Protein chains: 2
Amino acid sequence: MLSRKIAESTVRRLAIYLRLLEEFDGKGAATLSSEVLARRAGTTSAQVRKDLSFFGSFGKRGLGYDARALAVQLRKILGLTRRYRVLLLGAGRLAGALVQYARFAESGFDIVAVVDKDPQKIGNRWGEVVVEDVKQLETLVREKHVEIAILVTPAESAQELVDRLITCGIHAVLNFAPVQLHVPDDVEVKNVNLAVELETLSYALHHHSAR
Amino acid sequence: MLSRKIAESTVRRLAIYLRLLEEFDGKGAATLSSEVLARRAGTTSAQVRKDLSFFGSFGKRGLGYDARALAVQLRKILGLTRRYRVLLLGAGRLAGALVQYARFAESGFDIVAVVDKDPQKIGNRWGEVVVEDVKQLETLVREKHVEIAILVTPAESAQELVDRLITCGIHAVLNFAPVQLHVPDDVEVKNVNLAVELETLSYALHHHSAR
DNA sequence: GGATGTGAAAAACTTCACAGCG
DNA sequence: CGCTGTGAAGTTTTTCACATCC
């Protein structure tokens, strides 16, 4: 369970290694070296070994890593040995795309509720769930035992909603709204901000991209 | 134009500062300190000043920064003084959500073409553009002077498509497909990987999130 | 007075290089 | 012999702290 602070960059790479291992396993390959994993993940073999070393020693010297066994370890490290109950805030197009995203359920994340404030959308069936009124937020979080919230609302309402989520005891938020959310230290927020990504690309193009 | 290498983290923060300044400007506020900007951006005042210092000195000692003037500078730095021509690869739900995303055009990015390989989708009108056959990729990139490609395809086809894009001279790719793309040094790729974000949240929850 | 701009110090992260083990 | 695991070295990024200037 490790209490030492692990760098976010390390955790992100572990998630990438896991994805690669799962592909690899599908192809029946049994064992692979940090060098091979690194090449596919776009990093270095030393980085792979260092990342893993924070959590244990999973390889065999002279041989490499057993793909399936390492995948099991990574799932444990990442907390993917159980399922998570997810609430979507906002029933727009992006939310629709996310619901449909196959890997979602596959990876262990179940969308157990969707809320919106638009009366037009409330009551619509979305796969297994029905879009509820955002007024029911607190009730839903409690009744459905929600652990992760995904914000797909306009920027204006995001902070207010996140405040309400925190009151209900939510500790993990994936935020697609283009605002910086202010939350206490024990709440984890990941931002996905399309504009920032595009503007980084624009920066790169502008500065010749001649690296 | 700066040739020194600037950290990606710095560029990302600049994009965030710009967004905040634009809001701020809307509210008529004229001047603000690095401290205020930092608080809103979720960083420190020293970080704000350091980030800006790589590109010049835009503030007045004892006073702070003029919101509008700083925004102008940041747009210059980020290369947002002109518009960019964007191609979408994949005409699925996520692509649809992106097209609709208002800030897109607002920020200076124009979707000039959409391609897919599904005959069902080819020919559909998407706002201003019609979905074209992916076979036409090379022709479209040339004729429409595409500069940025957004990959919203299944993982399997992503690498092949990016190879073709590079052959056409594309240097900037925003990749939503959950694979690591292999590209030469003069091509900039930004990855947006939903699974990685969720798994980082899962990691945080699993490890008590008690920081 | 008050906030910037910036060298210098500290911290975080990555790479090196090699001992150690299968 | 080959590849891991890991201290130590190197590099990058952040924070500190203060001289500087409006």
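Computed over heavy atoms, backbone and side chain alike; hydrogens, waters and symmetry mates excluded. Worth saying up front: this structure is predicted, and the values here are computed from it rather than measured.
- Taking 4.0 angstrom as the limit, A:Ser34 places none of its side-chain polar atoms (N or O) nearer than this to OP1 or OP2 of D:dC3.
- Atom CG in B:Leu63 sits roughly 9 Å away from atom C1' in C:dG2 (whole-Å rounding).
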For this session: Give the B/S/- string for nucleotides 8-14 of chain C, one per nucleotide from 5' to 3', where a protein heavy atom under 4.0 Å of the base yields B, of only the sugar-phosphate yields S, and otherwise -.
Result: B----SS
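- Applying the 4.0 Å criterion to OP1 and OP2 of D:dG2, one finds that A:Tyr65 has every side-chain N and O outside that range.
- Of the candidate nucleotides D:dT4, D:dA17, D:dT6, D:dT4 has the atom nearest to the side chain of A:Ser33.
- Within the structure, the salt bridge (Lys or Arg N to Asp or Glu O under 4.0 Å) test picks out no pair touching residues 85-98 of chain A (sequence neighbours left out).
- Going from atom CZ of A:Arg49 over to atom P of D:dG7 covers 14 Å, rounded to whole Å.
- The aromatic rings of A:Tyr203 and B:Phe55 lie perpendicular to each other, with more than 60° between the two planes, well past the 30° mark.
- As a whole-Å value, the separation of A:Gln73 CD from D:dG5 C1' is 15 Å.
- Separating the CG atom of A:Leu37 from the C1' atom of D:dT4 is a distance of 13 Å, rounded to the nearest angstrom.
- Remark: A:Arg82 qualifies as a cation-pi partner of A:Tyr84 under the 6.0 Å distance and 45° angle criteria applied to the six-membered ring.
- Computed from coordinates, the B:Asp66 CG to C:dT4 P distance equals 13 Å when rounded to whole Å.
- For the pair A:Leu32 CG and D:dC3 C1', the computed distance is 12 Å after rounding to whole Å.
- Between the side chain of B:Arg61 and the base of D:dT20 there is at least one donor-acceptor pair of N/O atoms closer than 3.5 Å.
- Qualifying side chain to side chain contact (heavy atoms under 4.5 Å, CB included) partners for A:Ser53, counting only residues two or more places apart in sequence or in other chains: A:Lys50.
- The backbone N or O of A:Leu80 lies less than 3.5 Å from no partner atom in the side chain of B:His206, so there is not a single donor-acceptor pair.
- Of the N and O atoms on the side chains of A:Glu197 and A:Asn193, not one donor lies less than 3.5 Å from an acceptor on the other residue.
- Each of B:Ser53 and A:Gly62 lies near DNA chain C, and the nucleotide nearest B:Ser53 is the one positioned closer to the 5' end.
- No side-chain heavy atom of B:Thr153 sits less than 4.5 Å from a side-chain heavy atom of B:Val134.
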